[in-house]
Amino acid sequence: MNEPQIPPTARDADEQVREAVAAEMQLLDPAVRRSRELAEALLDPEFMEVGASGRRWDRHRMLAELPTMSGSADNQRIEVSDVRGVLLAPGVVHLTYQTNRDGRQVLQIERTQWAAPLAALDKETA
């Protein structure tokens, strides 16, 4: 029998949002984007994203193509602004933010479920 879910406290919610934002920002780092191992540690096995072009990305496709995308291959950092996060359920954070790549501003909308705590990734990148 499943036990009922206990709603997270405000502190827990803020912490989960901060961790999701930090992990998302790491995923935009050129070194992480070029490393399958580091990116794999961040993307949930059920990862799915709809890109600005309308293309659907699953984890397998994203990991395969991430190293060749803008901000990876050209080693250019992606500028980020207006980051907002809301905890929808334990472990599920809805993020929105603006990116500026090659002079093109894009609104990113993410439903994020992180597979690894941020502290685990910090150890790998150190």
Side-chain angles (χ1 to χ4, degrees):
M1 182 172 181
N2 291 340
E3 293 184 26
Q5 292 286 331
I6 299 171
T9 65
R11 187 174 56 84
D12 292 340
D14 289 345
E15 183 177 324
Q16 287 183 55
V17 169
R18 278 193 303 275
E19 286 181 2
V21 168
E24 184 76 17
M25 296 305 108
Q26 285 199 336
L27 192 56
L28 296 175
D29 182 292
V32 173
R33 294 170 75 84
R34 286 190 308 270
S35 168
R36 182 180 180 95
E37 183 179 353
L38 294 176
E40 200 168 56
L42 288 170
L43 295 178
D44 186 78
E46 294 182 31
F47 170 85
M48 195 283 296
E49 175 179 301
V50 177
S53 67
R55 183 177 180 186
R56 183 179 170 162
W57 297 85
D58 61 15
R59 184 174 193 251
H60 176 76
R61 179 177 278 169
M62 181 62 78
L63 289 171
E65 296 190 34
L66 193 59
T68 64
M69 292 178 172
S70 175
S72 306
D74 58 11
N75 206 31
Q76 182 179 3
R77 277 199 141 336
I78 298 169
E79 296 175 34
V80 178
S81 61
D82 298 326
V83 179
R84 294 193 175 105
V86 176
L87 183 68
L88 299 178
V92 180
V93 177
H94 181 258
L95 296 178
T96 60
Y97 55 92
Q98 296 268 344
T99 61
N100 188 334
R101 294 182 237 192
D102 305 321
R104 188 176 126 222
Q105 271 197 321
V106 177
L107 174 64
Q108 298 292 123
I109 301 173
E110 305 287 339
R111 180 185 119 310
T112 310
Q113 204 169 4
W114 295 105
L118 184 59
L121 185 61
D122 285 342
K123 290 177 187 175
E124 292 178 7
T125 59

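- Of the inter-residue distances, the one linking M62 atom CE with M69 atom CE reads 4.5 Å to the nearest 0.5 angstrom.
- L63 contributes atom CG, which lies 4.5 Å from atom CZ of R36 (distance to the nearest 0.5 angstrom).
- Contact annotation: the side chain of V21 never approaches that of V93 to less than 4.5 Å [non-hydrogen atoms, C-beta and beyond].
- In this structure, the side chain of R59 engages the main chain of L43 through a donor-acceptor pair within 3.5 Å.
- Note that the CG atom of L66 and the CZ atom of R34 stand 10.5 Å from one another [nearest 0.5 Å].
- Residues meeting the side-chain hydrogen bond (donor to acceptor under 3.5 Å, both in side chains) test with E79, sequence neighbours left out: none.
- Distance check: T99 OG1 to L28 CG gives 7.5 Å after rounding to the nearest 0.5 Å.
- Shortest non-hydrogen contact noted between R33 and L27 is CG-O, 2.9 Å.
- Here CZ of R61 is found 12.0 Å from CE of M48. Values are rounded to the nearest 0.5 Å.
- Counting heavy atoms from C-beta outward, V80 and E24 have side chains that stay 4.5 Å or more apart.
- Heavy-atom minimum distance, W57 versus F47: O-CE2, 3.9 Å.
- Here the closest non-hydrogen pair linking L38 and A31 is CD1-O, 4.4 Å.
- In this structure, the separation between CG on L88 and CD on Q16 is 10.5 Å, given to the nearest 0.5 Å.
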